[in-house]
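Working notes for the structure below.
Keep in mind the model is a prediction, meaning the values are calculated, not measured.
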Amino acid sequence: MTESDKTTHFGFETVREEDKAGRVQGVFSSVASKYDIMNDVMSGGVHRIWKDAMMDWLAPRPRQRLLDVAGGTGDISFRFLKRAGSGHSTVLDITESMLVEGRKRAEAESMHDQLDWVVGDAMALPFPDNTFDVYTISFGIRNVTRPQEALNEAFRVLRPGGRLMVLEFSQLPNPMMQKAYDAYSFNVIPRMGQIIAGDRDSYQYLVESIRNFPDQETFLGMVRAAGFDNAKYRNLTLGVAALHSGWKL
């Protein structure tokens with residue numbers, strides 16, 4: 001099979017791997033100016049609590065260097081730097097318009113000397129080995145064409161003793177609850193996307209991408225396969241989202 005013959009998921013659609021990144025960029029370029037509202041719609045506002053839970057488990061320390069992948073609007077980086085008290089964050093995103101929105105935020109102005117904004121691909125990070133103390137990716141890895149390659153790259157750029165943390169929508173362990181959650185997701189969220197952002201299709205893709213993402217145990221295996229030790233996960237809101245953690249030891 002040639003590279004151009006390899007396929008992957010774009011929501012429930014099967015596309016060539018080489019086409020997915022451009023399709024994802026199209027989605028996030030479309031919703032960039034509404035991204036924070038989008039997260040509120042997708043999670044009922046609970047994403048803010050989940051991100052705080054991520055910081056609680058991460059426990060940022062002064063002078064740490066963070067790489068925040070798919071970090072577009074800077075939400076995780078701002079939280080990290082406030083908790084750490086000092087340090088530096090590099091925000092990387094494949095979609096430049098997301099980074100533009102991040103730079104507009106008041107926190108970006110007040111922390112400008114602690115932040116870099118980089119357009120780049122999670123599967124081919126433009127950084128040397130052993131560069132960062134912490135790697136985070138929040139609601140982004142399900143949009144990567146080959147998530148295992150992104151995890152491998154995370155391991156490469158982390159320093160020995162570095163920490164990986166992934167926050168992503170996940171699967172509920174109870175089938176009846178999952179069925180109810182799916183009914184809400186597929187029937188309500190795209191309609192809300194149409195009303196709020198004038199963009200039903202992007203929200204439809206995002207809902208489908210959640211359903212296609214590996215469950216907690218499968219993804220834990222991928223974290224371990226990348227080389228991470230002491231890999232664990234915690235369910236958030238009964239498994240609507242999950243935090244995965246690992247260490248480069």
Side-chain angles (χ1 to χ4, degrees), residues 8-15 20 23-57 69-73 75-76 79 93 95 98 101 136-145 147 150 165-220 222-223 232-245:
T8 187
H9 296 291
F10 180 78
F12 288 164
E13 186 181 349
T14 299
V15 299
K20 180 167 179 174
R23 299 280 295 271
V24 169
Q25 279 182 285
V27 167
F28 285 94
S29 295
S30 174
V31 303
S33 64
K34 304 278 189 182
Y35 185 70
D36 294 322
I37 296 172
M38 182 188 78
N39 275 339
D40 283 328
V41 170
M42 296 282 285
S43 71
V46 180
H47 75 98
R48 302 171 192 276
I49 296 170
W50 295 340
K51 289 171 181 174
D52 286 340
M54 184 183 196
M55 289 300 114
D56 290 343
W57 198 9
V69 174
T73 58
D75 236 14
I76 297 300
R79 280 175 164 81
D93 204 289
T95 307
M98 291 288 290
E101 290 300 318
T136 57
I137 183 165
S138 174
F139 304 119
I141 201 160
R142 75 181 189 280
N143 299 310
V144 175
T145 303
M165 189 156 289
V166 181
L167 172 60
E168 189 52 87
F169 289 108
S170 199
Q171 311 296 334
L172 277 71
N174 181 300
M176 290 302 293
M177 292 173 64
Q178 182 67 52
K179 188 174 180 180
Y181 174 55
D182 284 348
Y184 162 76
S185 298
F186 286 102
N187 292 309
V188 176
I189 290 176
R191 292 178 190 172
M192 293 175 74
Q194 179 64 47
I195 294 166
I196 294 168
D199 186 348
R200 183 188 181 92
D201 290 347
S202 293
Y203 286 76
Q204 182 72 32
Y205 157 72
L206 290 165
V207 170
E208 292 174 1
S209 69
I210 294 168
R211 203 66 188 92
N212 272 333
F213 193 69
D215 65 22
Q216 290 89 322
E217 287 290 339
T218 303
F219 188 69
L220 184 65
M222 294 169 66
V223 171
K232 300 176 181 176
Y233 70 86
R234 294 177 179 177
N235 282 331
L236 303 173
T237 315
L238 304 175
V240 172
L243 277 170
H244 282 77
S245 168

Quick one: does any side-chain atom of Gln216 pair with a main-chain N or O of Ser170 as donor and acceptor, under 3.5 Å? no
Whether Arg191 side chain and Asn187 backbone form a donor-acceptor pair below 3.5 Å: yes
So how far is it from [X] [atom1] to [Y] [atom2], rounded to the nearest 0.5 Å?
X	Y	atom1	atom2	result
Ile141	Phe169	CD1	CZ	15.0 Å
Thr136	Lys51	OG1	NZ	10.5 Å
Ile195	Arg200	CD1	CZ	9.5 Å
Leu172	Asp182	CG	CG	8.5 Å
Gln178	Arg211	CD	CZ	4.0 Å
Tyr233	Leu220	OH	CG	7.0 Å

How far apart are the closest heavy atoms of [X] and [Y], and which atoms are they?
X	Y	value
Leu236	Ala53	CD2-CB, 4.3 Å
Pro147	Met222	CB-CE, 3.8 Å
Ile210	Gln171	O-NE2, 3.2 Å
Asp93	Gly72	OD2-N, 3.0 Å
Pro190	Gln204	CG-OE1, 3.1 Å
Trp57	Ser245	CH2-CB, 3.6 Å

Looking at the rings of Phe139 and His47, which for Trp means the six-membered one, are their centres under 6.0 Å apart? no
Could you label the plane-to-plane angle of the His244 and Phe219 rings as parallel, tilted or perpendicular, counting under 30° as parallel and over 60° as perpendicular? perpendicular
Determine the sole option in Ile137, Val144, Ile76 for which the side chain to side chain contact (heavy atoms under 4.5 Å, CB included) test with Val69 is passed. Ile137
Mind checking whether Leu206 and Arg142 have side chains closer than 4.5 Å, heavy atoms only? yes
Under 3.5 Å, is there a donor-acceptor pair between the Tyr181 and Asn174 side chains? no
Salt bridge flag under 4.0 Å for residues Arg79 and Asp75: yes
